[in-house]
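Scroll down for the structure; my scribbles are underneath it.
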Amino acid sequence: MITLRKITAENLWEIVALKVSDHQRSFVADNTRSLLEAYVAITSGGTALPFGIYADDLPVGFVMLSYGCEDWPDAPEIAHDNYSLWRFMIDQRYQRMGYGRQALAEVLAYIRTFPCGPAKVCWLSYEEENHVARQLYASFGFEETGDRDGNEVIAAMTL
């Protein structure tokens, strides 16, 4: 069973130790950087919700959500008052086992509880070459908007 767990002193280092394969490193920041960015977002008045992804008691991945863009001066228009799937990764040892699909379903169920406030969409961005991510997100109803966040394609789904 896949669950999302808050990052705590007890699980911090096992989440930091999770890695993607070498050819995927250009697609997602490592978890240390993500947690540092979460800290900066939170201390700057923004929102960051980092979670470990667990298969029973085994840490298999990491996800980080955000809401709105109070601390992000050049945010894409879609970021205003909406949820973002900021980071999402499954450790290289646990890919192709269905954990990504199960975890994404859990993440979307959590977002639909509107933990930070109301929103119309959940959005995310990915590198154009990341075909696996594109297919996974599309299978959940994310559609490319035609906009970009830097060099990344933006996709969104109605909540």
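Only heavy atoms go into these numbers, but all of them, side chains included; no hydrogens, no water, no symmetry mates.
Considering CD of Gln95 and CE of Met89, their distance stands at 7.5 Å, rounded to 0.5 Å. The line from OH of Tyr126 to CD of Glu144 is 3.5 Å long, rounded to the nearest 0.5 Å. Taking CH2 of Trp123 as the start and OH of Tyr83 as the end, the distance is 14.5 Å to the nearest 0.5 Å.
Note on Glu129 versus Arg134: no salt bridge recorded, every NZ/NE/NH1/NH2 to OD/OE distance being 4.0 Å or above.
Hydrophobic clustering (ILVMFWY, side-chain heavy atoms < 4.5 Å, transitive): Leu159 and Leu4 are in one cluster. In the hydrophobic clustering of ILVMFWY residues, with side-chain heavy atoms under 4.5 Å counting as a link, Leu108 and Ile154 come out apart. Ile90 and Ile2 end up in the same hydrophobic cluster when Ile, Leu, Val, Met, Phe, Trp and Tyr side chains are linked at under 4.5 Å. Clustering ILVMFWY residues whenever any of their side-chain heavy atoms sit less than 4.5 angstrom apart, transitively, puts Leu136 in the very cluster that holds Leu65.
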What do the steps show when you test Val63 against Leu85 for side chain to side chain contact (heavy atoms under 4.5 Å, CB included), and what is the final call? CA-CA 8 Å; Val63 64; Leu85 183 57; 3.3 Å; yes
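Residue Arg33 qualifies as open at atom CZ: its count of foreign heavy atoms under 6.0 Å is 12 or below.
When all heavy atoms of Gln102 and Met97 are compared, the closest pair comes out as NE2-O, 4.3 Å. Here the shortest heavy-atom pairing between Val60 and Ala55 reads CG1-CB, 4.0 Å. Scanning both residues, Ile15 and Gly52, for their nearest heavy atoms gives CD1-CA, 3.6 Å.
Between Val40 and Leu36, every side-chain heavy-atom pair lies at or beyond the 4.5 Å cut-off. For the pair Val28 and Arg87, the minimum side-chain heavy-atom distance is below 4.5 Å. Two residues are said to be in side-chain contact when any heavy atoms from C-beta on lie closer than 4.5 Å; Pro50 and Leu35 meet this criterion.
Here the two rings, on Phe51 and Tyr110, have centers that are under 6.0 Å apart.
Between the side chains of Ser139 and Arg101, a donor-acceptor pair is found at a separation under 3.5 Å. Ser21 and Gln92 share no side-chain donor-acceptor pair at under 3.5 Å.
Judged by distance alone, with hydrogens and angles left aside, the side-chain atoms of Asn82 form a donor-acceptor pair with the main-chain N or O of Val121 at under 3.5 Å.
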